[in-house]
Each structure stands twice: as C-alpha cells, then as structure tokens.
Colleague: 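Mind looking over this structure? Questions follow.
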Amino acid sequence: MLKGLDRIALKMLMGDRAKYIAVVAGITFSVFLVVQMVSVFLGILKRTTADIRTIGAPVWITDTALKYIDDVQPLSNNALSRIRSVTGVEWAVPLFIQNLRARLPNGAFQTVRVIGLDSTSLAGRPARIIEGRIENIYQANAILVNQRGLKKLGFLRLGDTFELNDRQARVVGIVDVETSLFDLPIVFTTFERAIQFTPPERKQLTFVLVKPKSDTSIEALKAEVRQKTGLLALTKDELSWMTIKYYLTQTGIGMNFSIITLLGFLVGAAVTGQTFHMFALENLKQFAALKAMGAGKPGLIRMVVLQSAVVGIQGYGIGVGIASLLLKILTESLPNYAAYTPPQVLIGSFVMTLIICGIAAIAVLIRILRVDPAEVFRG
Amino acid sequence: MAGTAISIRDIIKTFGVGEAEIQALRGVSIDIFFGELFLIMGPSGSGKTTLLSIIGGVLSPNGGSVKVLNTELTTLSDREKSLLRASKIGFMFQEYNLLPNLTAAENVAVPLLIINEPWHEALEKAKRYLADVGLEARAAHSVNQLSTGEKQRVAFARALVHEPQLLICDEPTAALDTETGVRVMELMRERALATDRALVVVTHDNRIIPFADRIAYLLDGRLTGIKPGQPKEVSP
C-alpha cells in the first residue's frame with residue numbers, strides 16, 4: 001500500500017522526465033544486453049550437446065580419455081561384448097560417430113557428421129522423420145539426412161545420391177534433429193554401413209550405448225563397467241556437462257561471453273548509478289526540506305528504495321521484453337542463431353537488476369541521509 | 001501573553017575548529033510567547049539564521065538550553081526532533097523549497113503526508129488551506145507555473161496545514177516587492193497568529209517591522225536588544 005510520501009517520491013522521480021527515462025534506459029540496456037548475451041551463450045553451449053539429446057541413450061560408454069562428445073576415442077571391437085557381460089546392463093549397442101567428407105553432385109566437398117546406429121535395434125535413431133521411413137535405412141547405400149543438412153548438401157531430395165569416401169550414399173529419409181554447434185549435415189545410417197563409408201581403421205567403435213536394468217543403480221553400473229572393462233560409463237547428463245565444461249574451460253567461448261556480459265552489466269550499472277545519483281543531487285535541497293519538515297530516516301529510505309524499485313522493475317520488464325522479442329525474431333528468421341533462455345536467465349538478470357538498483361539506492365541514500373536539514377536555511 | 005512557547009538560555013554555537021572556528025552565537029537568551037509574532041533582525045552573519053535553525057530543531061547548539069513547546073531540544077534524539085518538527089512546527093523557507101514536480105495542493109499536503117495522513121484527506125485539507133490564502137484556483141497547477149508571490153502563499157499554506165504551534169519563517173519577504181510583502185505579512189498576522197501559536201520570523205527587511213509584536217536584534221552572535229514592535233491591526 002502506497003503511503004503519501006511514496007506518492008511524493010514517485011512524482012519526484014517521474015517529474016524529471018529526461019533523468020527518469022535515462023535511469024530506466026540504463027537498466028533496460030543492461031538487462032537487454034545481459035539476457036541477450038547469456039541466451040546466445042547458453043544457446044551455443046546447448047548446441048554442443050545436441051547429438052547427445054538426439055541419440056538419447058541413458059548411458060554412454062567410452063574411453064576414459066574422452067574430454068567431450070566430439071572428442072571421439074575409438075574403442076576396441078570386443079568392448080561391446082565385454083560390456084554386454086556386465087550384470088547391470090539390460091542392453092548394449094554400438095554407436096559410430098565421425099565427421100567425414102562428402103563429395104556433392106556438383107563436385108564440391110562438404111563435411112558431414114555420420115552417425116552409425118545398431119542395425120538391429122536402431123537405438124539412437126532420430127525421433128522425428130519428416131519424409132521416408134526409418135526402415136528404408138536397411139536399403140542399399142541408404143542414409144537419412146537432417147532437413148537443414150540437405151540444404152548444405154545442395155538441396156538433395158529423396159532418392160538423390162552423393163559420395164562419402166568414394167562410396168555412393170542415397171538419401172532415403174529426411175529427419176528433423178536439434179541443430180548442433182557447427183551445424184554440419186547429419187547423416188544417419190547403420191553401424192556397418194557407416195564403417196564402410198569410413199577409411200579403414202583398427203578400432204571403429206566410438207561409443208557403446210547402454211540401458212541399465214531397472215533394478216540397477218547407475219553408480220553400481222558405472223563401477224562395474226569400470227572394473228570389468230576399464231572403460232568410462234557416463235549418464236546422458238554427465239556426458240552433456242563434461243562437454244559443456246570442456247567448451248567453457250578449454251575454448252574462448254566462456255571467457256569472451258563472460259567479458260561481454262560483464263561489460264553490459266558494468267555499463268548499465270554505471271549509467272543507472274550515475275543518473276540516479278545526479279537525480280538525487282539535484283533533489284538534495286528538496287530532501288533537506290523534507291528532513292527539516294520532519295521526515296525521518298525510515299520515510300526517506302522508503303522513498304529512495306521505492307524510486308529505485310520502480311525504475312528497476314520498469315527497466316527489467318522493458319529489457320526482458322525487448323530481449324525476448326529480439327531473440328524470438330532472430331531465432332525464427334536466422335536458422336543459425338543460437339539462443340536459449342531458461343527461467344534461470346530471467347531470475348539471474350532480475351538479481352543483477354536488484355544489485356544495480358541496490359548499489360544506486362545506497363549511493364543516493366548516503367548523500368540524502370547525510371544532508372543537513374539546516375541547509376534549507378542557508379539560502 | 002499566553003505562555004512561553006520558546007525559552008532559550010545562553011545558546012552558544014560554533015562552526016569549524018581551531019583557527020577556522022567561527023562563533024555564530026555567543027550566549028543568546030530569549031523568551032518567545034504564544035500569540036506573538038517575534039522578529040529576529042540583524043545584518044548578514046549576525047547569527048539570526050543559526051538561531052532560527054536551533055529554535056526549529058534542525059541544528060544543535062554547542063552549549064545552552066533550548067526549550068521549545070515545553071520540550072528541551074538538547075536532550076532529544078534526531079528521531080524525536082524529527083517527530084517534534086513534523087507534528088508541532090511549521091516552516092517557511094527563504095527559497096520556499098517547494099517540490100517542483102508537484103502541484104500546489106500536493107506541496108501544501110506534504111507536512112500532512114509526513115505524519116502519515118492519508119493522501120486524499122491530506123489533499124482535501126491542503127486545498128482548503130490554499131483557498132484560505134486565495135489560491136483555490138491554482139491548487140492543481142504545478143508550482144513551476146506560479147508567480148513568486150503565489151509560491152510564497154503556497155509555502156505559507158504548507159507551513160500551516162498541519163496546524164503547528166510554532167511557525168518559523170526565514171526571510172519571508174526577501175524576494176517580494178513591497179506590496180506583495182505587505183500582503184504576505186498581513187496574511188501571516190490574519191491567518192497564522194493565534195493564542196496557541198507563536199511566529200518567529202528572521203528578516204533584514206525593515207518593511208515588516210510594523211507587523212511584529214517584538215523584535216530581537218542580533219549583532220556578531222550576540223543579542224543587542226529586544227524592542228516592542230507596532231503591530232498593524234489587520235481586519236479579518
């Protein structure tokens with residue numbers, strides 16, 4: 001419930017239009033920049049783990065040297081049978097993932113990501129088939145390609161062919177999968193055919209996908225896999241976090257985005273703090289008069305906190321609104337634009353707004369509470 | 001006289017320290033009574049504004065006793081002094097210090113809002129006080145749209161709206177021409193002076209001497225004398 005002095009505070013704040021707009025704009029800019037940058041940053045990080053979600057297996061078994069999903073560490077071909085012998089495993093299937101070079105009908109080359117699925121179960125197959133049927137994968141030289149990838153492969157259609165390592169690959173299905181970091185065309189085929197597409201190597205198994213038995217704890221399964229095979233078992237989430245951690249710490253992505261986000265925060269805080277402070281300085285005489293007339297510290301604190309809260313909420317709302325609108329427009333109009341805005345981003349930017357407004361309010365309050373009410377008699 | 005509103009004894013006030021120390025008041029003692037308009041006069045630097053600030057409870061003396069409305073101010077905390085000012089003292093500042101983004105009525109309502117009177121009641125009361133000073137039609141105007149004389153009357157209504165027992169005025173006619181200044185002083189005697197209220201006015205404007213009941217003269221921080229005034233009768 002607004003008290004009388006609260007209304008006075010709001011009128012003092014909004015009466016000086018230019019400064020009021022400047023303070024709100026400062027917070028808006030800061031919130032917009034932070035939401036935008038963090039969303040893009042999270043969008044990029046999310047794309048690093050797109051293949052994990054596309055394949056969707058609950059447990060992934062790989063070499064202990066693995067650093068992230070794309071850091072393929074070939075396993076010996078007998079790893080599969082050893083894993084199947086682990087007591088907590090309900091089923092275990094091979095998976096092949098490797099980037100290969102495709103030669104297109106027009107003679108151009110394009111790197112593609114080949115995912116070889118277990119030919120019996122097709123575990124890890126894409127959830128959404130746009131054209132064709134998954135069973136077509138068993139046809140000779142058959143592959144399924146993601147819709148976005150087809151454009152990069154020269155707008156191929158069902159039945160069209162191109163070369164993978166001098167072998168013909170024929171498009172028998174079009175699938176829809178989550179866009180990955182480098183947005184390479186994704187080619188799904190059977191494990192055996194994927195190996196045929198690949199230059200000969202001694203080890204050709206890249207992951208083993210596992211479903212644990214329902215009565216087996218993940219921790220027990222991981223320990224048993226480690227003990228019996230010397231390999232590393234990771235849940236889907238663990239592999240995702242391992243990949244994200246790699247990109248955060250071993251590439252410049254984390255550092256660069258953090259710097260830009262921090263700059264956004266600092267610029268917004270500086271503009272807001274400075275303008276709010278100037279507003280307070282210009283109203284110092286009025287606050288001194290209020291003190292002289294008997295307004296106590298709690299009342300003055302309440303006035304400044306209210307002013308700060310109002311500009312904070314408005315700046316936050318407008319900033320989030322503009323950022324969300326822009327993110328929506330860009331995501332819909334630019335397929336390569338990566339952005340992901342979970343609720344935590346909005347909560348975080350709200351906390352940031354509270355910090356900016358809190359710092360500004362404290363700086364202003366220090367001036368106001370120190371002002372001598374006798375100032376008003378000094379002319 | 002109806003009783004003592006203000007009793008100050010041996011007030012000393014210094015500013016600064018060491019060689020920069022300035023003695024603004026050097027042992028001033030005055031009694032001011034309810035029902036009188038008391039003028040404090042003196043040249044610039046004589047200490048009259050300092051004395052007014054001490055009487056108003058916005059400045060503390062270095063020594064002496066300040067009894068205002070039966071309350072010894074030197075023993076009060078800041079919070080207690082704020083409460084006393086809010087409830088019992090009205091202020092008219094030399095530069096008016098009206099809040100520029102508020103209407104005339106809202107400015108007048110400020111003392112009521114400080115003592116937590118609800119907004120609408122405060123505004124209604126403020127409008128009545130504006131009407132008393134002839135500014136009913138200007139109640140909804142921003143104070144930026146008012147003339148100096150009108151601002152002065154808004155400040156006057158603001159000082160009275162919470163019906164204080166003590167009205168403190170700092171150079172109320174300094175920025176006004178003679179005619180307007182006389183009107184303000186007439187208004188002050190007519191509307192503000194009451195048997196249960198004291199008016200203390202600091203000025204160096206000789207034009208308002210005829211409106212005072214008594215006049216204290218300060219020079220270099222010392223009281224040089226208190227003389228009776230010749231208050232003009234103001235017809236209601």
Side-chain angles (χ1 to χ4, degrees), chain A residues 1-24 276 278-304 306-307 310-311 365-366 368-379, chain B residues 13 44 48-60 78-103 106-107 109-123 142 144 155 158-159 162 164 168 170-171 174 202:
Chain A
M1 182 70 183
L2 282 183
K3 285 187 174 180
L5 275 184
D6 299 341
R7 293 197 186 208
I8 299 292
L10 294 181
K11 282 174 177 275
M12 285 172 75
L13 173 71
M14 294 173 190
D16 189 342
R17 279 294 154 103
K19 288 207 171 50
Y20 169 57
I21 290 169
V23 177
V24 174
F276 202 43
M278 276 170 59
F279 163 80
L281 288 184
E282 286 179 11
N283 284 290
L284 217 49
K285 199 96 178 174
Q286 273 71 40
F287 280 110
L290 288 172
K291 280 178 94 170
M293 287 189 281
K297 278 184 187 175
L300 295 173
I301 290 171
R302 193 180 153 106
M303 286 176 81
V304 173
L306 178 69
Q307 290 174 334
V310 166
V311 293
L365 275 171
I366 288 171
I368 288 172
L369 294 179
R370 279 185 183 166
V371 71
D372 184 357
E375 281 285 330
V376 286
F377 289 114
R378 292 190 187 127
Chain B
K13 180 65 187 176
S44 291
K48 55 187 189 301
T49 297
T50 303
L51 181 59
L52 192 72
S53 303
I54 289 172
I55 291 171
V58 293
L59 197 63
S60 298
D78 284 348
R79 182 177 150 71
E80 287 167 332
K81 277 194 272 192
S82 290
L83 288 172
L84 179 78
R85 290 199 301 270
S87 58
K88 292 184 176 173
I89 304 176
F91 291 90
M92 263 182 85
F93 308 113
Q94 183 178 349
E95 293 179 352
Y96 317 136
N97 291 100
L98 300 174
L99 299 172
N101 302 318
L102 271 56
T103 65
E106 288 163 350
N107 263 288
V110 166
L112 297 171
L113 301 174
I114 288 174
I115 54 175
N116 290 325
E117 193 145 321
W119 177 262
H120 292 292
E121 282 87 331
L123 224 54
S142 161
N144 293 328
R158 182 179 69 178
H162 56 309
I168 283 177
D170 186 20
E171 303 280 7
V202 156

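As the structure is a prediction and not an experimental result, all values here were calculated from the model. Lettering follows sequence order; numbering is per chain, from 1.
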Colleague: Name the region of B:Asn97, side chain, backbone, both or neither, that has any atom closer than 4.5 Å to a heavy atom of chain A.
Modeller: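 Both backbone and side chain.
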Colleague: Which region of B:Leu98, side chain (C-beta onward) or backbone (N, CA, C, O), has a non-hydrogen atom less than 4.5 Å from a non-hydrogen atom of chain A, or is it both or neither?
Modeller: backbone
Colleague: Excluding sequence neighbours, so at least two apart, what forms ring pair (Phe, Tyr, Trp, His ring centres under 6.0 Å) with B:Phe93?
Modeller: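 So B:Phe93 forms a ring pair (Phe, Tyr, Trp, His ring centres under 6.0 Å) with A:Phe377, B:Phe91.
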Colleague: Name all residues meeting the side-chain contact (heavy atoms from CB on, under 4.5 Å) criterion together with B:Ala159; count only those two or more places apart in sequence or in a different chain, and write none if there are none.
Modeller: B:Met92, B:Leu167
Colleague: Can you tell me how far OG of B:Ser53 sits from NZ of B:Lys48, rounded to the nearest 0.5 angstrom?
Modeller: 11.5 Å
Colleague: Should the heavy atoms of other residues, nucleotides or ligands under 6.0 Å from CG of B:Asp78 be counted, would the total exceed 12?
Modeller: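 Not more than 12 within 6.0 Å, no.
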Colleague: Among A:Gln286, A:Lys291, A:Lys297, A:Met12, single out the residue with the greatest number of heavy-atom pairs under 4.5 Å to chain B.
Modeller: A:Gln286
Colleague: If I measure from the heavy atoms of chain A, does B:Leu99 come under 4.5 Å with its side chain, its backbone, both, or neither?
Modeller: both
Colleague: In terms of heavy-atom pairs under 4.5 Å, which option from B:Lys81, B:Glu117, B:Arg158 contacts chain A the most?
Modeller: B:Arg158
Colleague: Has B:His162 got a side-chain atom pairing as donor or acceptor with B:Ile89's backbone, closer than 3.5 angstrom?
Modeller: yes
Colleague: Please look at A:Leu290 and chain B and tell me whether the side chain, the backbone, both or neither of the residue comes under 4.5 angstrom of a heavy atom of that chain.
Modeller: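 When you check distances to chain B, atoms from both the backbone and side chain of A:Leu290 fall under 4.5 Å.
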